[in-house]
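Input: a single structure, listed below in structure tokens.
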There are 2 protein chains.
Amino acid sequence: MSGDPTHGHDFIADCRTRIAFDLLSGTWTGVVLAALHDGPLRPGELRDRIGGVSHKVLTGTLRRLERDGLVARRRYAEAPPRVEYELTGPGRGLLEPIAALARWTEVHADAVLAAQERAELSGR
Amino acid sequence: MSGDPTHGHDFIADCRTRIAFDLLSGTWTGVVLAALHDGPLRPGELRDRIGGVSHKVLTGTLRRLERDGLVARRRYAEAPPRVEYELTGPGRGLLEPIAALARWTEVHADAVLAAQERAELSGR
DNA sequence: CGGTATCCTCGGGGATACTG
DNA sequence: CAGTATCCCCGAGGATACCG
């Protein structure tokens, strides 16, 4: 099952997979998608859960996600107007690859951090 | 198994998964890893297979991959000195998440491209 | 509280030319 | 052929202030 990632796709030639890479390229993109995993959230809630992301950058990230159709913006005309963001079909589909990355992190992240530190100490 | 991506991890709080995101953040990083899937390659071969990547940027990408311990550089002291790059353990492990992204692309890429085009036409 | 508008900085990506 | 050194550009990320 984890045998052949290319499996007949043209990864390289007219590489469509780059689309996915570009989609997740933002610093906070993947984190936002993961944060929306268990249901719609208001921007403020997102900020609190993520932590360390500036107000402007978060909205910027959400704008891009919205533009790419990965996240939907929902406005409620209430007493204090409320806004929520939720995953779309494609956005929800990205949770699986993201989970795969999370699994990888558990196993190999320390090795990477060690390698980086080693490189820092020597040449760098 | 593909049920709960978060599955008890702290995706958000002290988000270690960001490590993986950052590793793949480069424009060509993921492509290079995928290209090395079926064995070591020389830089020239890599360039040919990928296409559209400049000489300097490719070496820059390889440097980063090397520094992060995802790719190993192998030098052969031969008549015309030869150089090859190959995946390390952690690097090879990333092929699975990358494959997951490729699968996602097959299903949802068109929808994303459509959404982007739609956004372009209207507001921009 | 959500969103936008400035302004600044930094690093990646690209083209080019040059050294082993 | 592999690698490095410049130089330029642009966009993302961040801080701040201001408008619905």
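Worth knowing before you read on, the calculation uses all heavy atoms, side chains too, and leaves out hydrogens, waters and symmetry mates. In this text, all values refer to a predicted model and were calculated from it rather than measured experimentally. All chains are named by letter (A, B, ...) in the order of the sequence lines, taking the proteins before the strands, and each is independently numbered beginning at 1.
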Whole angstroms only, please: what is the [atom1]-[atom2] distance between [X] and [N]?
X	N	atom1	atom2	answer
B/Leu65	C/dG12	CG	P	13 Å
A/Leu41	C/dC1	CG	P	15 Å
A/Arg67	C/dG3	CZ	C1'	18 Å
B/Leu46	D/dG3	CG	P	11 Å
A/Leu62	C/dT4	CG	P	11 Å
B/Glu66	D/dG3	CD	C1'	12 Å
B/Leu58	D/dT4	CG	P	12 Å
B/Glu45	D/dC1	CD	P	11 Å

Any [X] side-chain N or O less than 4.0 Å from OP1/OP2 of [N]:
X	N	value
B/Arg82	D/dA2	no
B/Tyr85	D/dG3	yes
A/Arg74	C/dG2	no

Neighbour count >12 (heavy atoms, 6.0 Å) for atom CZ, A/Arg74: no

Keeping to residues at least two apart or across chains, list the salt bridge (charged side-chain N to carboxylate O under 4.0 Å, His left out) pairs with something in residues 50-63 of chain B. B/Arg63-B/Glu66

Do [X] and [Y] come close enough that some side-chain heavy atom pair is under 4.5 Å?
X	Y	value
A/Leu65	A/Asp68	no
A/Leu62	A/Trp28	no
A/Arg92	A/Leu36	no

Looking at [Y] and [X], is any side-chain nitrogen of the basic one under 4.0 Å from a carboxylate oxygen of the acidic one?
X	Y	value
A/Asp38	A/Arg49	yes
B/Arg16	A/Asp110	yes
B/Arg42	B/Glu86	no

Touch class at under 4.0 angstrom, heavy-atom based, for B/Arg42 against every strand present: sugar-phosphate

Contact class for A/Arg47 vs. all strands (heavy atom < 4.0 Å): base, sugar-phosphate, or nothing? nothing

Taking five pairs at each end of the helix from C/dC1-D/dG20 to C/dG20-D/dC1, what angle separates the two helix axes (nearest 10°)? 40°

Check the pair B/Gln116 / A/Leu23 against side chain to side chain contact (heavy atoms under 4.5 Å, CB included), numbers first and verdict last. CA-CA 11 Å; B/Gln116 290 176 342; A/Leu23 287 178; 4.1 Å; yes

In 5'-to-3' order, the base (B), backbone-only (S) or no-contact (-) status of each nucleotide in nucleotides 5-20 of chain D, using a 4.0 angstrom heavy-atom cut-off, is BBB-----BBB-----

